[in-house]
Number of protein chains: 2
Amino acid sequence: MTKPRVRATSEEWDYLREYRVGDYPTPLLTVDAVLFTFHDNQLQVLLVQRANHPAKGQWGLPGGFVALEQDADLDATVRRNLMAKTGVEPPHIEQLASYGSAHRDPRGWSVTVCYSALIAHQACAQQIDSVSDVRWVPLDEALVSPLAFDHQQLLVDARERLRQKALYSIVPAYALPDRFTLPQLQQLHEVLIGKTLQKKSFRRRIEQAELLIDTGEKRGEGGRPASLYRMRPNTADHFFVRNLES
Amino acid sequence: MTKPRVRATSEEWDYLREYRVGDYPTPLLTVDAVLFTFHDNQLQVLLVQRANHPAKGQWGLPGGFVALEQDADLDATVRRNLMAKTGVEPPHIEQLASYGSAHRDPRGWSVTVCYSALIAHQACAQQIDSVSDVRWVPLDEALVSPLAFDHQQLLVDARERLRQKALYSIVPAYALPDRFTLPQLQQLHEVLIGKTLQKKSFRRRIEQAELLIDTGEKRGEGGRPASLYRMRPNTADHFFVRNLES
DNA sequence: TTAGTTAAGTGACATATAGTCACTAATTAG
DNA sequence: CTAATTAGTGACTATATGTCACTTAACTAA
């Protein structure tokens with residue numbers, strides 16, 4: 001399974017026979033994820049109750065160790081861990097940052113590679129409601145709860161990153177169902193940014209960026225029904241504000 | 001040195017007596033840095049010739065293992081490694097991303113936390129000229145050289161991130177001397193972005209953002225002398241384009 | 001059927017930012 | 001003193017965003 005990417009010289013093989021992973025004094029490495037969703041007009045995050053020491057019984061972010069024999073890379077590790085808790089793969093995962101210090105874990109020097117992910121609430125609601133050690137928590141509530149390790153800090157940083165994205169991209173849309181309305185998306189952005197936005201400006205920017213496809217369907221609750229949109233597939237970047245290149 | 005941040009329960013101590021860092025099968029962890037500078041109208045990066053296996057003799061990025069007994073956190077690790085090669089601390093360091101897979105290092109599953117840093121060429125020119133295993137290499141040249149491990153990929157990603165920053169911030173200015181002229185900064189941004197910029201637009205944006213201080217000094221070579229500026233201290237963000245918050 | 005309510009979506013003008021380029025300013029070389 | 005060179009500005013144009021009243025399309029209750 002562990003195949004060297006670069007062909008080793010014979011001198012290198014002599015070296016490798018002696019030194020392998022596990023022989024080096026290296027920090028403990030974990031991968032964690034902040035999985036966001038938007039539900040009941042609130043930003044929510046997935047929390048998991050720890051089954052093992054340290055911090056047994058406390059709530060924290062979903063994550064875990066790299067499965068050395070199974071995971072091809074870090075992305076695979078985070079996808080496997082999220083799949084284990086939600087039963088599905090989130091449509092958007094991106095690496096946030098790594099946190100490492102001598103004191104963040106009582107076992108000693110440790111590093112976590114933290115990811116940020118987004119998913120529709122309904123996509124995994126049943127799976128999550130059926131177990132007691134995994135649940136959606138409103139972000140504002142999670143931010144003031146005592147969490148395992150430095151997971152509070154990871155939440156703060158993930159939230160700030162997502163807030164930044166709301167200023168110039170439609171990435172937050174992955175926290176909504178496949179088909180969603182522009183007023184829905186605007187509400188999400190307003191919650192993230194923390195202030196109301198101009199309907200006209202918001203729509204104009206998104207329409208001009210051509211990142212969404214109008215499905216033709218409508219959905220209404222009370223007043224005029226809104227058009228349902230979906231993300232345009234194969235879109236590398238999700239920017240809706242002009243940058244200085246164009 | 002390794003003091004738990006959170007006070008452990010007695011049950012936890014029983015656990016910790018048994019399990020410590022080193023007992024877990026965990027990937028090899030290293031920290032690498034892409035140190036940029038701007039010199040001779042070129043973007044350059046610091047490369048180091050590897051003294052040990054694997055990839056002994058090949059050129060790669062400065063970096064190394066976490067010193068478990070010495071480094072308080074990952075930032076300390078990267079600063080120590082850069083200090084060892086340049087003799088000084090770069091004025092700007094930020095984390096870029098982490099790269100981990102089963103195959104990027106012949107020793108097995110490994111992860112590197114990659115940083116991006118900027119420094120003035122003159123700040124460490126003597127130190128670097130005095131040794132043969134460390135040198136500045138023009139980025140375009142480094143990008144087509146065979147480098148150790150996946151360091152080529154790290155270079156590509158670091159360059160792209162710095163290019164993005166050039167579009168909306170003056171962070172690249174840390175690759176210049178303490179005092180620099182606006183035409184100098186503009187040239188750097190033009191090299192990064194890959195196209196010429198409008199002098200007036202560039203100046204206007206930077207002046208309006210009030211991120212630079214005019215030192216009153218002048219420097220000229222041929223024509224009218226240009227004003228020398230320095231970075232305004234205590235500036236958290238270095239954005240010079242309006243964002244949608246303001 | 002119709003008037004009132006609600007929420008979606010648009011028209012049109014005001015304001016702010018960026019692009020363009022000719023012009024002025026300050027220095028050196030000869 | 002004049003030409004060459006590079007720094008820096010004035011003033012207009014083009015484009016993007018802010019604002020808000022207005023129209024549209026649904027529902028509900030007389």
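Sequence lines set the chain letters: A, B, ... in the order given, protein chains first and strands last, and positions in each chain run from 1.
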Next on the checklist: Quick test of your reading of the model: are A:Arg179 and A:Glu217 salt-bridged, counting only N-O distances below 4.0 Å?
Outcome noted: yes
Checklist entry - B:Gln208 CD to D:dG8 P: how many Å, rounded? => result 17 Å
Next on the checklist: By the 4.0 Å heavy-atom rule, please label B:Ser227 as base, sugar-phosphate, or nothing.
Outcome noted: sugar-phosphate
Next on the checklist: Can you confirm whether the side chains of B:Arg135 and B:Gln44 place a donor and an acceptor under 3.5 Å from each other?
Outcome noted: no
Item to check | Whole angstrom value for the distance that separates P of D:dG18 from CG of A:Leu197 | outcome: 9 Å
Item to check | Test item: B:His189 side-chain N/O and B:Ala166 main-chain N/O as donor-acceptor pair under 3.5 Å | outcome: yes
With the criterion being N/O to N/O and under 3.5 Å, what pairs connect the protein with nucleotides 9-11 of chain D, and how long is each?
unit_1	atom_1	unit_2	atom_2	d
D:dG10	N7	B:Lys200	NZ	2.7

Next on the checklist: Output the rounded distance in Å from CD (A:Gln184) to P (C:dG9).
Outcome noted: 11 Å
Shorter than 3.5 Å, N or O on both sides, protein versus nucleotides 2-4 of chain D: list them out with atom names.
none

Next on the checklist: Without decimals, in angstroms, what is the distance between A:Leu212 CG and C:dG9 P?
Outcome noted: 12 Å
Checklist outcome for this item: Per nearest nucleotide of DNA chain C, the residue lying toward the 5' end, A:Pro225 or B:Phe240, is A:Pro225
Checklist entry - Would B:His238 and B:Tyr174 count as a close aromatic pair, with their ring centres under 6.0 Å? => result yes
Next on the checklist: Between A:His39 and A:His121 (side chain of the first, backbone of the second, donor and acceptor by atom type, cut-off under 3.5 Å), is there such a pair?
Outcome noted: no
Item to check | Integer-rounded Å distance: D:dT24 C1' and A:Leu182 CG | outcome: 16 Å
Please list, one pair per line, the donor and acceptor atoms closer than 3.5 Å that link side chains of residues 196-214 of chain A to other protein atoms, with sequence neighbours excluded.
unit_1	atom_1	unit_2	atom_2	d
A:Asp214	OD1	A:Gly216	N	2.8

Checklist entry - What is the distance, rounded to the nearest whole Å, between atom CZ of B:Arg242 and atom C1' of C:dG19? => result 16 Å
Checklist entry - Checking A:Asp150 side chain against A:Gln153 main chain: does a donor-acceptor pair fall under 3.5 Å? => result no
Checklist entry - With no hydrogens and no angle check, is any side-chain donor or acceptor of A:Gln95 less than 3.5 Å from a backbone partner on A:Val113? => result no
Checklist entry - Any side-chain donor paired with an acceptor under 3.5 Å for B:Asp71 and B:Thr77? => result yes
Checklist outcome for this item: Against the side chain of B:Val241, the closest entry in D:dA7, C:dC21, C:dA18 is C:dA18
Next on the checklist: Rounding to an integer number of Å, can you tell me how far B:Glu217 CD sits from D:dA7 P?
Outcome noted: 17 Å
Checklist entry - Could you give the CD-to-C1' distance, from A:Glu221 to D:dA26, as a whole number of Å? => result 12 Å
